[in-house]
Each structure stands twice: as structure tokens, then as C-alpha cells.
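Counting convention: from 1, in listed order, for ligands and their atoms alike.
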Amino acid sequence: MDRIRIVGGNELNGRIPISGAKNAALPLMIASLLTDDTLTLENVPHLADVEQLIRILGNHGVDYSVNGRRERQHEGYSRTINFTARHIVDTTAPYELVSKMRASFWVIGPLLARMGEAKVSLPGGCAIGTRPVDLLLEVLQSLGAEIDIESGYVIAKAKHRRLAGNRHRFGKVTVGGTHVGLMAASLARGETVLENAAREPEIVDLAACLNAMGARISGAGTDTITIDGVDSLSGARHRVIPDRIETGTYAMAVAMTGGDVVLEGGRIELLERAFDILTEAGADISETPEGVRVRRNGNGIRAVDVTTEPFPGFPTDLQAQFMGLMTMASGQSRITETIFENRFMHVQELARLGARISLSGQTAIVDGVQRLKGAPVMATDLRASVSLVIAGLAAEGETTVGRVYHLDRGFERLEEKLTGCGAIVERISG
Ligand code: UD1
């Protein structure tokens, strides 16, 4: 199994190209199920999760082709991919596929909307909490779906084979639920109003793509989204937004090591709250024509308290990285996780590097230390694993991070991007 070896202590200086957003690309790819025409997505990141979703969509009959070799904009490596679901050959998403990636459950929305039926396996357990799908099923029921659960599968059928628009209020803000609601309502008969909808930039990106395909959606980015259902959708060409979590992750890495890095293609407005917090902690963040510039020179990092919240609050997907940064801050920081109940698995691993963290319910109390010392550590999930990389970049000596496949799910060419800025990072195979 691959490991990442890091020798800490170097500043980061230079440029890091930001890839297309994984969490935008996945629902956009799933939206290709809504039309028999070709959906062309530019700036799709080259990640294990994207490859896995290509396989899952292929099972339903989606053909794909990759344009050109690499896109040169921002010197990224993301690709343009055409997805065509001319015929849906199977409305079942089996356990073997759905269990590998939770977001693939979202195919239930477009399958039900286009075909009037879908049979999708429940995703099963997940390392960062129970993550149920009740809110996703409720929005489909509001749109007239009949839902049964049999042998671990959700069997959904639309009355008279077509969903019907309705007013639906989510009991809790859910990104996945909002994606599913948007896709399903786009082809429903009549008007749908989604209340208490998620406001994440990835929702706005999906709505923009659906509108380019002929949908009639307004209000995406606010908590009330209105969708006027249409009879069919066409193909379109759409560019995936830059990855705000990758942008925030590298910003924290620079804050941790010191240095001066331009995150090319990164967008400041996608991360306002996180950048406010980083600024408070002592990083210098500014917008440049190429993207976002992050600097920390001279002064150390100050402890700042953080609570994760739905957008526009501080993202849960940056909580582990921020904790990595706070391990060497001056003072005590309280980090409260409100989105997922079991998202502190990195705490034990950070402690192996010398971090002082105690847990009190959903709050981690981090007492900054003067120095971390490299050690072998284990990645436990996608975002947790990159927090170990951040800590390793500042730790004295050598850190090896095991179970690197977690990183490969969400970070494109991580070693290359960090090495390009002066870090000592390498992948060790086997
Ligand atoms: C998405 C992101 C993930 C991010 C999360 C929160 C993708 C591929 N994944 O996940 O990286 O961490 O948003 O920003 O975009 N919940 C229920 N019932 C449901 C659905 C969700 O109780 O039916 C709960 C979840 O357990 C969690 C909360 O609602 O506590 C928010 O989850 P949600 O926003 O749905 O996360 P995902 O869409 O799965």
C-alpha cells in the first residue's frame, strides 16, 4: 500500500494550480443521466472518486470520452469529459458500487425523474458518522415518489411515471438532499420550491449547469430554490468551479510552514469565512489576477476558535486541516464540529506527532505546542489524511502517512503540487 513520506521544516514558496472541485464534479456528472444528449464537463479533476463514478454511471448506460490530453489553463491537470446517457440500460445501482462512494446514491434523483423508477442500494456505513439518507428520500416523496426499502435497497417509483412539483422544506440543511431535489424537480411536472436548501457553491454550480441544459431554476445560492419543471433537458457544456476545499487546504499548509504561495485559479469568495479565520490566525490573504495569494512571514500563528457550519460558515471539510494548523499555534483553540458526529479521527494521529488535543463532546481543545516531531501516522478519511500532511510539513524530521488511497480520492497530484513549492514530499509505493 502506498505511503507519503514528508520531511518537515521547509517553507512553501511558489504557485499551486487549483483543480476543479470534486464535490461539484460528482453531482454534475450524475446530472448527465437526465438527458439523452451529451453533457460536456470541463475542468473535471483526475481523482479516484471521479473514476469510480464513471464506472457507476457506465453501469446505467452512460458513455464517456475524454477530450484532449490535459487542460493547460492554470497548469492544472483536470480534463474535459463528455458524458452521454443516450439510453438508460439499468435503473439499479448495486451495493458493490454504491458502497464504494456515498455520493453515488444521488443517482436516485435523475433516474427517478427520467425513467420514473430507480432501485438504489443504501450506501452503508461511513467512517465519519452514520450519514443517513432520510432527507434525500423525503424530498423525493414530496415530489410524489413512492419509496420502499427492501433487502438494503431503496425502491423508488414515481406515480404515473413522472414526478410532480411541490413545496418541500428540508428538516436540516443537506448538500446531497439539495442536489437530489434539484435534479429530480428539473424534470417534474409543475413548480417545486425547496426551502432550507443548502447554499454551497457546488449547489450553485449544479443549478447553473442544469439551466444550461434547459432547466428553469432560480434562487440557487439562497435557502429557497424554485424549479419550474420541464419535459426534457438537452446537452450542454459546463466548466466545473475550482475546488474551495483544496484551496483552503493549501492556504492552511502555507500558514503552517510560512512562505508565500499563489493558489492559481482559487477564488476568495468561495471561502470567505475560512479566510477570515486564517487572517485572524495570522496569515495574509489577498486576491490576485491569478487567484489567491497566501503569505505568512515572520510572526507565528495565533489560536482561533472555530465552529463548522453549512455554507457560508466554516466548512466541515476544512476542520481537520485547521486542527493541524492549530497544533502549533500560540494559545488554545476550541474546534467544534456540528455537521458530522464522528469527525475527529485525526486527533489520535496528530497526537502521535506531539500535538496536545483533548476532546469534550463535539469540541476539540487544542493547546498549541512549540514543535511537532515526525512519526508514522495513518490516514483515516479524506480530509483527516491531508491534515496529517499539513502537520508533517511543519514537524521536525520524517513523517510517513499510510493509507494514501484516502488522499487520492480528493487531492489531485498532491505530492507534485507541494514539491513544486519547496516541500520534501514523496510517494513510496508498496
Ligand atoms: C457533502 C459533501 C461532503 C461535505 C458535506 C457537508 C459531496 C460529495 N460531499 O456531503 O464533502 O462534508 O456535504 O458540507 O459533496 N443527513 C441526514 N440525513 C440525510 C442526509 C444528511 O441526517 O438524508 C445529515 C448528515 O449525516 C450530516 C448533515 O445532514 O450530519 C449534512 O450532510 P450533507 O450536507 O447531506 O452531506 P453530504 O451531501 O453527504
Side-chain angles (χ1 to χ4, degrees), residues 20-31 44-45 47-50 52-53 56 98 100-109 120 122-142 145 147 149 154 156 168-184 194 196-206 223 240-241 243-246 248-249 270-271 273-274 307-322 336-346 362 381-387 406 409-411:
K22 171 181 87 76
N23 285 357
L26 300 179
L28 289 166
M29 290 165 65
I30 290 172
V44 180
L47 298 168
D49 270 11
V50 166
Q52 179 64 24
L53 185 57
I56 291 166
V98 179
K100 292 205 176 104
M101 189 182 36
R102 277 191 57 86
S104 60
F105 185 82
W106 301 347
V107 298
I108 194 167
V120 180
L122 287 164
C126 171
I128 60 168
T130 46
R131 296 183 95 174
V133 293
D134 54 327
L135 301 169
L136 282 65
L137 300 184
E138 279 169 24
V139 65
L140 295 174
Q141 279 168 322
S142 287
I147 306 267
I149 298 190
V154 174
H168 178 80
R169 185 175 179 81
F170 289 103
K172 183 176 178 183
V173 177
T174 161
V175 173
T178 308
H179 282 316
V180 165
L182 272 178
M183 290 191 272
L194 300 176
N196 199 25
R199 292 183 279 165
E200 268 66 4
E202 293 75 21
I203 301 284
V204 179
D205 205 33
L206 175 64
D223 63 2
V240 178
I241 54 169
D243 197 315
R244 65 194 166 99
I245 302 305
E246 191 194 27
T249 298
L270 303 181
L271 277 154
R273 181 80 189 120
T307 299
T308 62
E309 283 165 346
F311 193 85
F314 188 95
T316 175
D317 286 351
L318 285 175
Q319 178 258 108
Q321 298 89 315
F322 187 71
T336 304
E337 173 59 56
T338 69
I339 310 291
F340 293 111
E341 71 269 27
N342 186 21
R343 208 171 201 187
F344 279 144
M345 286 170 304
H346 40 285
Q362 288 299 96
D381 72 46
L382 170 55
R383 310 304 177 184
S385 54
V386 83
S387 77
H406 288 296
R409 286 188 41 221
F411 289 91

Worksheet item: With atoms numbered from 1 as shown, which atoms in ligand 1 lie under 4.0 angstrom from a non-hydrogen atom of Arg343?
Response: 12 (O)

Item to complete: Would you check if the side chain of Arg343 reaches a backbone N or O of Thr316 as a donor-acceptor pair within less than 3.5 Å?
Response: yes

Worksheet entry | Nitrogen or oxygen of Phe340 less than 3.5 angstrom from that of ligand 1 | no

Worksheet item: What about Arg383: any of its N or O atoms under 3.5 Å from an N or O on ligand 1?
Response: no

Worksheet item: Sequence neighbours excluded, which residues qualify as side chain to side chain contact (heavy atoms under 4.5 Å, CB included) partners of Ala24?
Response: Ala21, Leu28, Glu202, Asp205, Val240, Ile241

Discussion item. Check this for me - ligand 1, Asp134, N or O atoms closer than 3.5 angstrom, yes or no?
Written reply: yes

Worksheet item: Between Glu337 and ligand 1, which part of the residue brings a heavy atom under 4.0 Å of the ligand: side chain, backbone, both or neither?
Response: neither

Fill in: Test item: side-chain donor near acceptor, Glu337 and Gln362, under 3.5 Å
no

Fill in: Thr174 and ligand 1 - part of the residue with a heavy-atom distance under 4.0 Å
both

Practice prompt. May I ask you to check whether Asp317 has an N/O atom sitting below 3.5 Å from an N/O atom of ligand 1?
Written response: yes

Practice prompt. Considering only NZ, NE, NH1 and NH2 on the basic side and carboxylate oxygens on the acidic side, decide whether Asp49 and Arg102 come within less than 4.0 Å.
Written response: no

Worksheet item: Can a non-hydrogen atom of Pro132 be found less than 4.0 Å from any atom of ligand 1?
Response: yes

Worksheet entry | Within reach of ligand 1, part of Glu341 (heavy-atom separation under 4.0 Å) | neither

Worksheet item: When the ring planes of Trp106 and His179 are compared, do they come out parallel, tilted or perpendicular, using 30° and 60° as the limits?
Response: tilted

Worksheet item: With distance as the sole criterion, is a donor-acceptor pair present between the side chains of Thr249 and Gln321 under 3.5 Å?
Response: yes

Discussion item. With the threshold set at under 4.0 angstrom, would you say Met101 reaches ligand 1 through any of its heavy atoms?
Written reply: no

Practice prompt. Take Ile339 and Gln319, measure what side-chain contact (heavy atoms from CB on, under 4.5 Å) needs, and give me the verdict at the end.
Written response: CA-CA 10 Å; Ile339 310 291; Gln319 178 258 108; over 6 Å; no

Response to the item:
Going by the 4.0 angstrom heavy-atom rule, the piece of Thr316 near ligand 1 is side chain

Worksheet item: Could you give the distance from CD (Glu309) to OG1 (Thr338), rounded to the nearest 0.5 Å?
Response: 6.0 Å

Discussion item. Please check whether Val175 reaches ligand 1 - meaning an N/O of the residue sits under 3.5 Å from an N/O of the ligand, judged on distance alone.
Written reply: yes

Item to complete: Using distance alone, with no hydrogens and no angle criterion, decide if Gln141 and His168 have a side-chain donor and acceptor under 3.5 Å apart.
Response: no

Discussion item. Evaluate Ala103 for polar contact with ligand 1, using N/O atom pairs at a separation under 3.5 Å.
Written reply: no

Worksheet entry | Those atoms of ligand 1 less than 4.0 Å from some heavy atom in Trp106 | 7 (C), 8 (C), 15 (O), 38 (O)

Worksheet entry | Region of Phe170 that comes within reach of ligand 1 [heavy atoms, distance under 4.0 Å] | neither

Response to the item:
The reported gap from CG in Asp317 to CD1 in Ile245 (rounded to nearest 0.5 angstrom) is 4.5 Å

Discussion item. Using a 4.0 Å cutoff against the non-hydrogen atoms of Ile339, which atoms of ligand 1 qualify?
Written reply: 27 (C), 30 (O), 31 (C)

Worksheet item: Considering only heavy atoms of Gly176, which atoms of ligand 1 have at least one such atom less than 4.0 Å away?
Response: 35 (O), 38 (O)

Worksheet item: Would you say Asn23 and ligand 1 have an N/O pair spaced under 3.5 Å apart?
Response: yes

Item to complete: Could you please spell out the steps behind the side-chain contact (heavy atoms from CB on, under 4.5 Å) verdict for Arg383 and Leu318?
Response: CA-CA 7 Å; Arg383 310 304 177 184; Leu318 285 175; over 6 Å; no

